[in-house]
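Contents: one structure, followed by commentary.
Letters A, B, ... are given to chains in the order of the sequence lines, protein chains preceding strands, and every chain is numbered from 1.
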2 protein chains.
Amino acid sequence: MKRDMKKEVFREFIAREGLKSTRQRDIILDFFLSSKRHMSVEELYRKLRARHPGIGYATVCRTLKLFAQSGIAHEIHFGDGQTRYEHLVEGEHHDHLVCTGCGAIAEFENKTIEDLQKDVADSHGFIIHSHKLELYGLCAKCRK
Amino acid sequence: MKRDMKKEVFREFIAREGLKSTRQRDIILDFFLSSKRHMSVEELYRKLRARHPGIGYATVCRTLKLFAQSGIAHEIHFGDGQTRYEHLVEGEHHDHLVCTGCGAIAEFENKTIEDLQKDVADSHGFIIHSHKLELYGLCAKCRK
DNA sequence: TCCTAATTGAAAATGATAATCAAAATACAT
DNA sequence: ATGTATTTTGATTATCATTTTCAATTAGGA
């Protein structure tokens, strides 16, 4: 399934780049893939540390960056100074609804919006490589 | 016109909050309003400093934050670790096209996209307070 | 003018990430 | 299995943009 596919993609990335497969990378990858999406580095480190006290913060940072480079994860910034990573299969994309009340994050995709973005870019002579769309507000629970 | 209106809005903000009108705030406001949009704090500080050597970095940071609070400016983050401010009249809104080649920034507005965003939010039970849409790619010059 | 509270600028603190570096681990050839 | 060159690790230190601190200054009302 998807999970093993990502592990395979990362394995290939490691091999292609001449990097090494290590105990720490395996542990972090397993933990990352079985965690909820959109975890901040700090949060992931804290939770991982409870089970694997030996792993350093620097290693977690480095390894998450590698996940992003390999294409199995994506780095996201919501403007709160925390870097978050979400696991993601290559080519997949979605945008975020962020609740400013409780911090909940919902994902969505909207083909029409993406098409309109392309139109906007065209009219300015730009070629888009990536985009970021975030909607901030209150979720159903918090708006009460 | 717009420029004086913003100065007036800020003046009212200062009064309402029980803050004081100072020489530094006046200088920074004038400089900010007559500068190009999307300046980073560092860039603004550097240019301001050339004309007014006495003003400290901390004061510039603090004052720009006040501009944002008063509603005459908006804080933006493009993910490069630099905070930028743009001057803006209350209620105005636009999104950005960012050239990853030369750093050029173009602005756009698209009512249809905004409407679709609202639809998305509705379908998730969210109420949107703000949003961020950034398109990253190459501008006409850099794509050659 | 006087007085109190806000503001300033310089320097130190913060907070998240990145770089350094000696020690440990890995991959590969033998 | 062993050696060895190379990469990786974890602890520590550095970085970088912003914030905070704090004593000195300044604003604005009494």
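Nearest-nucleotide positions on DNA chain C place B:G18 closer to the 5' end than the other of B:G18 and B:R49. In terms of position along DNA chain C, the nucleotide closest to B:G56 lies nearer the 5' end than the nucleotide closest to the other residue of the pair A:D80 and B:G56.
Atom pair B:H77:NE2 and C:dA16:P shows a separation of 15 Å (rounding to whole Å applied). In this structure, B:K65 atom NZ and D:dT20 atom P are separated by 9 Å, rounded to whole Å. We find that CD of A:E43 is positioned 13 Å from P of C:dA16, with the value rounded to whole Å. Between the CG atom of B:D26 and the C1' atom of C:dA6 there is a distance of 15 Å, rounded to whole Å. Distance CZ (A:R62) to C1' (C:dT17): 12 Å, rounded to an integer number of Å. Look at CZ on B:R23: it is 10 Å from C1' on D:dT26, rounded to the nearest Å. In this structure, A:I27 places its CD1 atom 12 Å from C1' of D:dT9, rounding to the nearest Å. Taking atom CD1 on A:I14 and atom P on C:dA27, their separation rounds to 10 Å, with Å as the unit.
The side chain of B:Y57 contributes an N or O atom lying less than 4.0 Å from OP1 or OP2 of D:dT18. Look at B:Q24 and you won't find any side-chain N or O under 4.0 angstrom from OP1 or OP2 of D:dT26. Taking only side-chain nitrogens and oxygens, A:T22 never comes nearer than 4.0 Å to OP1 or OP2 of D:dT7. Distances shorter than 4.0 Å separate some side-chain N or O of B:T83 from OP1 or OP2 on D:dT18. When the side-chain nitrogen and oxygen atoms of B:T59 are compared with OP1 and OP2 of C:dG9, one or more of them lie within a distance under 4.0 Å.
A:E134 has its side chain out of reach of B:H131: every pair of non-hydrogen atoms, C-beta onward, lies at least 4.5 Å apart.
Counting heavy-atom neighbours within 6.0 Å of B:R51 CZ, excluding the residue itself, gives a total of 12 or less.
Salt bridge A:K36/A:E43: present, at least one basic N to carboxylate O contact under 4.0 Å. Classification of A:E107 and A:R37 as a salt-bridged pair holds, one side-chain N sitting under 4.0 Å from a carboxylate O.
A:R25 comes within 4.0 angstrom of the backbone, heavy atoms only, and of no base. Among the atoms of the strands shown, only primed sugar atoms or phosphate atoms (P, OP1, OP2) are found under 4.0 Å from some heavy atom of B:Q82.
Aromatic rings from B:F67 and B:Y85 are positioned such that their centres are separated by 6.0 Å or more.
The base of D:dT26 lies outside donor-acceptor range of the side chain of B:K20, with no N or O pair under 3.5 Å.
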